[in-house]
Amino acid sequence: RYRCPAFMTQVGDQCIECERNTITDHAGKCAFSCPLGFTRESGEAECTSCPSGTFYNVSTGFCLQCLPGTYSPFAGSLQCLPCTLGSYSSSDGASDCTACPIGKFSALPGRSVCSACPLGGFCASVGAVSASMTFEPWCAASACTPLSPKLHLATLRGPLLTCPSPLRSPAGTYNPSEGASNISSCVACDAGTANPIPGSSNPAVCKQCLKGSYAQDPGMAACDLCPA
């Protein structure tokens with residue numbers, strides 16, 4: 001007697017394929033369902049697991065692709081996982097999430113895109129989970145202010161602290177773009193102008209030197225007094 005394949009049952013002298021997602025038992029009857037996370041499509045000889053990047057939909061019995069912002073790293077998954085903080089997936093069927101590149105961050109799970117670094121500074125870290133984690137607001141070579149060549153502000157309203165070395169006030173700069181990834185994105189104020197405020201985003205902060213003062217070089221944080 002001819003024995004039908006495992007995905008077919010014998011009806012008279014014919015082998016009839018079992019319904020989708022079922023295979024035969026030891027008696028040759030279409031009685032076994034594929035386990036959760038596995039499917040058998042028409043013409044396939046056995047149940048196979050849903051591949052990574054997909055999940056098994058219990059309601060429909062199909063393998064469906066993970067949506068953007070989610071991923072499935074294992075075969076046979078019953079659900080997709082949200083991308084963790086600091087990462088994203090931008091397309092369907094992701095088996096892994098990608099760390100946010102420099103210049104961007106992701107502060108929420110399940111993101112399909114990363115947010116751009118704010119104006120006024122730059123973000124230098126990969127996989128940042130918040131702007132504050134990677135944001136460098138000091139668009140300047142040092143944190144000294146025009147108040148003194150040897151003092152700087154811990155914050156914009158904080159106490160005066162001693163600079164690590166007697167450097168001149170920092171180069172006056174601004175950054176007009178989101179998503180900056182390094183200090184080269186900071187634009188120096190033109191010669192003849194100065195900007196004492198770190199983390200600036202508007203070129204209007206570069207103010208012309210008043211009478212009796214000058215800024216010989218680009219990127220000055222303060223104008224120097226003309227010699228007596």
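The first residue of the sequence shown is numbered 1, and numbering continues consecutively from there.
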- Message: One pair to check against side-chain contact (heavy atoms from CB on, under 4.5 Å): Glu41 and Phe62. What are the steps and the verdict?
- Response: CA-CA 9 Å; Glu41 303 300 334; Phe62 285 95; 4.3 Å; yes
- Task: Carefully, step by step, assess Ser49 and Phe38 under the rule side-chain contact (heavy atoms from CB on, under 4.5 Å).
- Result: CA-CA 4 Å; Ser49 61; Phe38 289 72; 3.7 Å; yes
- Item | Test side-chain contact (heavy atoms from CB on, under 4.5 Å) applied to Glu46 and Phe7, step by step | CA-CA 7 Å; Glu46 58 186 12; Phe7 64 100; over 6 Å; no
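Considering every non-hydrogen atom in both Cys97 and Tyr71, the closest pair reads SG-CD2, 3.3 Å. The shortest heavy-atom contact between Glu17 and Glu44 is OE2-N, 4.5 Å. Between Ala215 and Met220, the closest heavy-atom pair is CB-CG, 3.8 Å. Of all non-hydrogen atoms in Asn21 and Tyr56, the two that sit nearest each other are ND2-OH, 4.3 Å. Heavy-atom minimum distance, Thr39 versus Cys34: C-SG, 3.9 Å. In terms of heavy-atom proximity, Cys206 sits nearest to Tyr174 at SG-CD2, 3.8 Å.
The closest donor-acceptor contact from the side chain of Ser89 to the backbone of Gly69 lies under 3.5 Å. Arg40 places no side-chain N or O within 3.5 Å of a backbone atom of Ser33 that could act as its donor or acceptor partner.
At least one side-chain heavy atom of Ile23 sits under 4.5 Å from a side-chain heavy atom of Cys47. Using a 4.5 Å cut-off on side-chain heavy atoms (C-beta onward), Tyr214 and Asp224 make contact. Between Asn57 and Cys63, the closest side-chain pair of non-hydrogen atoms is not below 4.5 Å. Put simply, the side chain of Glu19 does not reach to within 4.5 Å of the side chain of Cys30, judged on heavy atoms. You'll find the side chain of Lys207 stays beyond 4.5 Å of the side chain of Thr193, heavy atoms only. You'll find the side chain of Pro176 reaches within 4.5 Å of the side chain of Val187, heavy atoms only. Counting heavy atoms from C-beta outward, Cys18 and Thr24 have side chains that approach closer than 4.5 Å. No side-chain heavy atom of Leu64 sits less than 4.5 Å from a side-chain heavy atom of Thr54.
Summarising the geometry, atom CZ belonging to Arg111 is positioned 13.0 Å from atom OG belonging to Ser90; distances are rounded to the nearest 0.5 Å. Taking CG of Asn202 as the reference point, atom CG of Asn175 lies at 11.5 Å (rounded to 0.5 Å). To the nearest 0.5 Å, atom CG of residue Leu78 and atom SG of residue Cys50 are 8.5 Å apart.
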